[in-house]
Amino acid sequence: MAQSSHQLWEEFFKRYYKDAINDLAESYPEKRSLWVNFSDIEKFDPDLGRELIDHPDPVLKHANEAIVSIDLPVDVSIDNAHVRIIGLPERIQIRELRSSNINKFISVSGLIRKATEVRPKVIVAAFKCQRCDHVTMMPQGEGKFVEPFECENDVCGRKGPFKLVHEESEFIDAQKLRVQESPDDLRGGEQPQTLDVDVDDDLAGIVAPGDRVVISGVLRSFQRTTQQGKSTFFDLVLDGVSIEIEDKEFEEIEISKEEIEEIIKFGKDPEVYKKVIYSIAPSIYGYEEVKEAMALQLFSGIAKSLPDGTRIRGDVHILLVGDPGVAKSQLLRYSVRLAPRGIYTSGKSSTSAGLTATAVKDDFGEGRWTLEAGALVLADMGLACVDELDKMEADDRSSMHEAMEQQTISIAKAGIMATLKSRCALLGAANPKFGRFDRYEPIAKQINMPPALLSRFDLIFILTDEPSVERDTNIAQHILKAHYAGELAMRRENIINSGISMNEITKAMEVIQPVIQADMLRKYIAYTKRNIFPIIQDEARKHLIDFYLGLRKQGEAPDAPVPVTARQLEALIRLAEASARVRLSNVITRDDTNRVIRIVMASMKQVMTDETGRLDADIINVGMGKSQRDKIKVLKEIIRDLQKEYNSAVPLEDIISRAEESGIKKDTVEDMIQKLKTVGEILEATNERFRIV
Ligand code: ADP
Ligand code: MG
């Protein structure tokens, strides 16, 4: 059995990495790392590989010494080169790290959640004795700064005082990271766990929050200190040796050959849309249209990069607004399980980073600024399901537009300037401000979200909870069936000789069984996102254009509102792409455009029609439709006229009666008066008497 030594590593490098080392020498010191694949070490000597894993400290030391002393054809010395080992055969889940892993060479994968600024760290501190001017060099370890106990100079030997000499000290760049388990490894809403990582020199500053990484290093433990003193508990920190940034386009989800065959079979099934829809939240009754939209969101349109550097998003954003208890949260929870890289969170925010990202100075950074990724960054290339979106923090509100449209999040605060990627689809849920939804009021008024943000959604659905005998009966029966099936299963599981057969349970479960199992559907989606890139056919293109122009034409009539904007056209295209993907089609056909026009119209009818039934895009884009704007104009005219007649402020009742003659209802008048008052266009002179400002 060979034992790690300086010589052994030299032999290894000569045999496997000669060219790589020569390359390194040529670009040294810009490049300072030799990236070594673990499998090469194993090929060279399996025992050396084992030893590296079990006793990384001496073995890595040998490797680093060997590379520095190797003979080079070019006349440089690569004193500060590092050996960075990648490709460890085994990755340990962060939640499975145990004390047995301490001081071992390990590899973890996950998402970068936080990263501090890159700042210098002293590794050898030079101290000048203030009495005799002798300089004592003190190597620094992790954590605490060590000062000399007494002057090294035998003649002096006094206890200082000492002064740090910056020019003679040695510094390297350092950064602290926090990795979070990747959402793909989590099942059923588990809270992800994290691990802190220290990196230095050329590893510092190469990753950003939201990046997907594999980090290898030596696991260290640090004793916790409490106010009472040292604790018996230890914290874990990974001493980073190498970082591999994973290509996010490349899904981690593995799909076997048999599964691909099954997927292709599904794609040809004429009932595929129905089957997919019935596989989304089967325990929730109804909402076929919403589920169909959610299905298309999961399959997603195609993101395009144009030659001028712009990028058009392919992700479909959907907002569900509605009464409490209509299963919004349940729909979100289901969708996150189906989405490759799904993240579920609440707008009320569980973390300091909220939905987008923040820069903070806190304990983690030990005085350095830390950039922390929020949900939309962590869900990059996936789906972010955000419940109670209306309750998001003010900071998020301002960065959401950019996050949804450009799919980036820019942070410029103190020393930190960064742009993080948020290329994800957003499925949001929001509750009405006043508890219940009023379908006669424009939506912007009822939920606590600015119109500019609402207009970023491709589809908005309103789920109302209006009692109806037929629907209520169906829902009730569906809920009871689901509970009954669950009861049977629980009895069988917990009671011996329950007398309940598996058959019976399967039969009872049928109503709530997805047609395509969640795991399979996830793979189906991942497969299509990787392999299917449909192109629109002429007929389908013409269909979309005609539809759009047809609607726009309605806006040409005198006095008509603007019915749709280009935003809706883009939504249609994205959805049509997704629709073609569902059946693994490489072309977008008239079938797809029919489907998506139906869905978009259904959404627009719910949220963009004024009281006369006309479509008005301003209801979403501006938060107020044309008809309401017109009424406000009329109302102001009335007040102005009355004001002239009275030659003073006008009583409310007179305004109301005059407005009613013009066909504006009393409620509306009172409402608009309030509004005009808040924006300062009218004044309440005395009680219930108003005048124009
Ligand atoms: P919300 O988030 O809209 O307030 P929830 O998702 O918390 O509502 O749903 C409340 C409960 O009502 C859930 O347990 C859900 O399963 C049930 N529920 C509501 N509507 C339906 C439905 N259409 N089918 C089945 N269950 C429903
Ligand atoms: Mg809810």
Side-chain angles (χ1 to χ4, degrees), residues 188-189 191 274 276-295 297-298 317-339 342-350 354-355 375 383-393 396 426-439 441 443 446-449 454 457 459-490 508-515 518 602-603 606-607:
Q191 263 322 97
K274 231 190 200 156
V276 169
I277 294 166
Y278 285 126
S279 303
I280 292 177
S283 62
I284 302 301
Y285 175 84
Y287 300 133
E288 266 88 16
E289 210 137 58
V290 177
K291 289 184 184 179
E292 190 171 11
M294 284 165 59
Q297 179 183 44
L298 285 166
H317 300 317
I318 300 179
L319 178 66
L320 309 179
V321 186
D323 295 333
V326 293
K328 296 183 299 295
S329 302
Q330 289 284 5
L331 288 171
L332 258 59
R333 283 195 182 278
Y334 209 93
S335 206
V336 81
R337 282 179 51 201
L338 295 175
I343 289 214
Y344 179 93
T345 186
S346 166
K348 265 193 264 180
S349 184
S350 35
L355 297 179
L383 172 70
C385 293
V386 183
D387 209 348
E388 321 219 11
L389 188 61
D390 49 319
K391 303 205 177 52
M392 72 185 137
E393 307 282 331
D396 279 334
L426 173 63
L427 177 59
N431 290 306
K433 247 191 282 189
F434 310 111
R436 253 170 202 281
F437 206 82
D438 181 349
R439 62 166 60 250
E441 286 287 348
I443 165 172
Q446 301 195 57
I447 53 175
N448 193 12
M449 268 205 266
L454 283 179
F457 285 95
L459 294 168
I460 301 177
F461 291 101
I462 297 174
L463 316 182
T464 50
D465 186 18
E466 276 164 36
S468 113
V469 176
E470 195 201 331
R471 195 176 127 82
D472 290 346
T473 316
N474 289 336
I475 294 184
Q477 278 179 349
H478 194 85
I479 292 180
L480 279 157
K481 274 184 199 156
H483 283 250
Y484 171 68
E487 285 160 5
L488 286 181
M490 286 303 113
M509 289 277 180
E510 237 162 49
V511 270
I512 49 163
Q513 205 53 263
V515 187
S603 163
Q606 285 186 359
V607 295

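Just so it is clear, the values below take in all heavy atoms, side chains as well, and ignore hydrogens, waters and symmetry mates. Fair warning: this is a prediction, and the values are worked out from it, not measured in the lab. Remember, it's 1-based here, ligands and their atoms both numbered in the order they're listed.
If you look at Ile479 next to ligand 1, the close heavy atoms, those under 4.0 Å, all belong to the side chain. Only side-chain heavy atoms of Ile475 come within less than 4.0 Å of ligand 1; its backbone N, CA, C and O stay farther off.
Rounded to the nearest 0.5 Å, atoms CZ (Phe461) and CG (Leu331) are 11.0 Å apart. Between the OG1 atom in Thr345 and the CD atom in Glu388 there is a gap of 10.5 Å [rounded to 0.5 Å].
Surrounding NZ of Lys433 are more than 12 heavy atoms belonging to other residues, nucleotides or ligands, all under 6.0 Å away.
The shortest separation from a heavy atom of Ser283 to ligand 1 is under 4.0 Å, placing the residue in contact.
With Leu426 as the fixed residue, the side-chain contact (heavy atoms from CB on, under 4.5 Å) test singles out one of Leu319, Ile318, Val386, Leu383: Val386.
A distance-only check finds a donor-acceptor pair linking the side chain of Gln606 to the backbone of Ile462 [under 3.5 Å]. For Asp396 (side chain) and Leu355 (main-chain N/O), a donor-acceptor pair under 3.5 Å exists by modelled atom type. Remark: side-chain polar atoms of His317 are not paired, donor with acceptor, to backbone N or O of Gly428 under 3.5 angstrom. For the pair Lys328 (side chain) and Gly322 (backbone), a donor-acceptor distance under 3.5 Å is present.
Using a cut-off of 2.8 Å, one finds that Ser329 contributes an N/O/S atom close to the Mg ion (ligand 2).
Annotation: Val326 places an N or O atom under 3.5 Å from an N or O atom of ligand 1; distance criterion only. In terms of N/O distances under 3.5 Å, ligand 1 is approached by Ser329. Considering backbone and side-chain atoms alike, Pro324 places every N or O at 3.5 Å or more from each N or O of ligand 1. Considering backbone and side-chain N/O atoms, Lys328 comes within less than 3.5 Å of an N/O atom of ligand 1.
Regarding atom 22 (C) of ligand 1, its nearest protein heavy-atom neighbour is Tyr285 N, 3.6 Å. Given atom 8 (O) of ligand 1, the protein heavy atom at minimum distance is Ala327 N, 3.1 Å.
Those atoms of ligand 1 with a heavy atom of Gln330 less than 4.0 angstrom away are 6 (O), 13 (C), 14 (O), 15 (C), 16 (O).
Nearest to atom 4 (O) of ligand 1 by heavy-atom distance, out of Gly325, Ala281, Ala482, is Gly325.
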